[in-house]
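Presented below is the structure to which this report refers.
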Number of protein chains: 2
Amino acid sequence: MKWDTLEEEPCSLARTVAVIGDRWSLLILRECFLRIRRFDDFQASLGITRHLLADRLKKLVRFGVLRKIPYQEAPKRYEYILTQKGLDLYPIIMSIVHWGNVHMVDARGRPLLHEHKTCGKMFDPVMVCSECGEPLSAKHVHVHPGPGARRSSPVHASARERTKRSAESA
Amino acid sequence: MKWDTLEEEPCSLARTVAVIGDRWSLLILRECFLRIRRFDDFQASLGITRHLLADRLKKLVRFGVLRKIPYQEAPKRYEYILTQKGLDLYPIIMSIVHWGNVHMVDARGRPLLHEHKTCGKMFDPVMVCSECGEPLSAKHVHVHPGPGARRSSPVHASARERTKRSAESA
DNA sequence: ACCATAAGTTCTATTTTAGAACTGTCAATA
DNA sequence: TATTGACAGTTCTAAAATAGAACTTATGGT
């Protein structure tokens, strides 16, 4: 499967994975949320190769997650800042960080702590239902096919069918 | 940077990315949450190559996200099911799906809808503060170095230092 | 003229992934 | 008894992506 086919899958997870589902994109976005904006700063703080960094920044701009803003003329230089679409990735970043805090820390404890300025306390993110406000868990959620679903299968029908077809033609 | 160095970074995001930060792991986990458990079912529904699927399942088992459970003897066959550590990935999956629902759907609409059995309504996931219950946004969160932070830099100091050292030695 | 800064681009070597075919074990069927 | 099919992988080669380092372009400072 190629990357570009991923963003056309009838699945919101697959399409999002096309944007952030590689080793570096999420790390770059973490830096963005920590106020890093410039090429060399990304490069220094991540240790990513310049080649890959240029490529990933281009991709994130193409997807509308980052925007290039000039911060000086002559020579023309740009900063990369999060768009609203990019800022909306915050719950993804936070849920990933939280899982790491719970399941991947070593004896020394959490690398970062988060303070909620609104209430002044250190907090963890909690995912709740938009309708009743209760915390969510997988077993209390039922999945239905939506208007954008393919055929009868709620799950990823295109890949299933693609596989069937190639099995038939063999 | 190699994959194994990633899981030792003093950053909960980097360590989680070491587990789920590739094209296929998240798609495999989506299938797990949709009750897929067997090798050929994963392969058929995702279109992933058998080689990579075997590799990724092994990795997810090694990280304790999935567990191999025998479902028949002779020939010995296993199912892959989510551990508690794996079930805890649900907020990550849901926040990714939700972002895709908001930002990546085409004209036909959402592929899937989610019903909260507890309240009976179709819902979206919302991330809130564990302390005050208010919805979270990046600008209301302040980051502090925690006990597991490296040196003065709250962010990923090891990579920064590694880069500095190689620049100095050059 | 020389060096530094910033943001890339280009190059080769290595690693990862895609795609297909193959293996081993057993059950059911002809 | 031989054959077929299901299942869970493994093995192979070719193609693609990544790592690591050097190079380019533009400009300002000494």
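The structure presented is a predicted model; accordingly, all values stated were derived computationally and were not measured. A, B, ... follow the sequence lines: proteins, then strands. Residue 1 opens every chain.
A straight line from CG of A/L46 to P of D/dA19 spans 12 Å, rounded to a whole angstrom. Between B/E79 atom CD and D/dG9 atom P there is a gap of 12 Å when expressed in whole angstrom units. Counting to the nearest Å, the C1' atom of C/dA20 and the CD1 atom of B/I48 are 15 Å from each other. With rounding to whole Å, B/W24 atom CH2 is found 14 Å from C/dT16 atom C1'. To the nearest angstrom, C1' of C/dA18 lies 12 Å from CZ of B/R56. Taking atom CG on A/L52 and atom P on C/dG8, their separation rounds to 14 Å, with Å as the unit. The CG atom of B/D22 sits 15 Å away from the P atom of D/dA17 (whole-angstrom rounding). Rounding to whole angstrom units, CD1 of residue B/I36 and P of D/dA8 are separated by 12 Å.
Listed for the A/Q43 side chain is a donor-acceptor partner under 3.5 Å among the backbone atoms of A/I48.
Ring orientation note: the planes of B/H142 and B/H144 are nearly perpendicular, at an angle over 60° on the 30°/60° scale.
Side-chain N/O atoms of B/H116 and B/T118 include a donor and acceptor closer than 3.5 Å.
The side chain to side chain donor-acceptor pair (under 3.5 Å) pairs that include a residue from residues 123-136 of chain A are A/R110-A/D124, where partners are two or more places apart or lie in different chains. Among pairs with a residue in residues 10-20 of chain A, those fulfilling side chain to side chain donor-acceptor pair (under 3.5 Å) read A/S12-B/N101, A/R15-B/D106, at least two apart in sequence or across chains. Within the structure, every pair that satisfies the side chain to side chain donor-acceptor pair (under 3.5 Å) test and touches residues 57-69 of chain A, not counting sequence neighbours, is listed here: A/D22-A/K59.
Contacts between residues 57-76 of chain B and DNA chain D, defined by a heavy-atom separation below 4.0 Å, involve B/K58, B/K68, B/Y71, listed by number.
Scored by the ring pair (Phe, Tyr, Trp, His ring centres under 6.0 Å) test, A/H114 finds no partners at all (sequence neighbours excluded).
Look at A/R77 and you won't find any side-chain N or O under 4.0 angstrom from OP1 or OP2 of C/dT5. Taking 4.0 angstrom as the limit, B/Y80 places none of its side-chain polar atoms (N or O) nearer than this to OP1 or OP2 of D/dC7.
Each of D/dC7, C/dA18, C/dT9 was ranked by its minimum atom distance to the side chain of B/R23; first place goes to C/dA18. Comparing atom distances between the B/R38 side chain and each of D/dA19, C/dA7, D/dA8 picks out D/dA8 as nearest.
Remark: B/R37 is not positioned above the aromatic ring of B/Y71, lacking an NZ or CZ atom under 6.0 angstrom from the ring centre and at most 45 degrees off the axis.
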Considering only nitrogen or oxygen atoms on both sides, find all protein atoms under 3.5 Å from nucleotides 11-13 of chain C and state each distance.
none

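Residue A/K139 places its NZ atom among 12 or fewer non-hydrogen atoms of other residues, nucleotides or ligands, all under 6.0 Å distant.
A residue-by-residue look at B/R50 and B/D55 shows that B/D55 has its nearest nucleotide of DNA chain C further toward the 5' end.
Residue A/F42 is classed as having no contact, given no heavy-atom separation below 4.0 Å to the nucleic acid.
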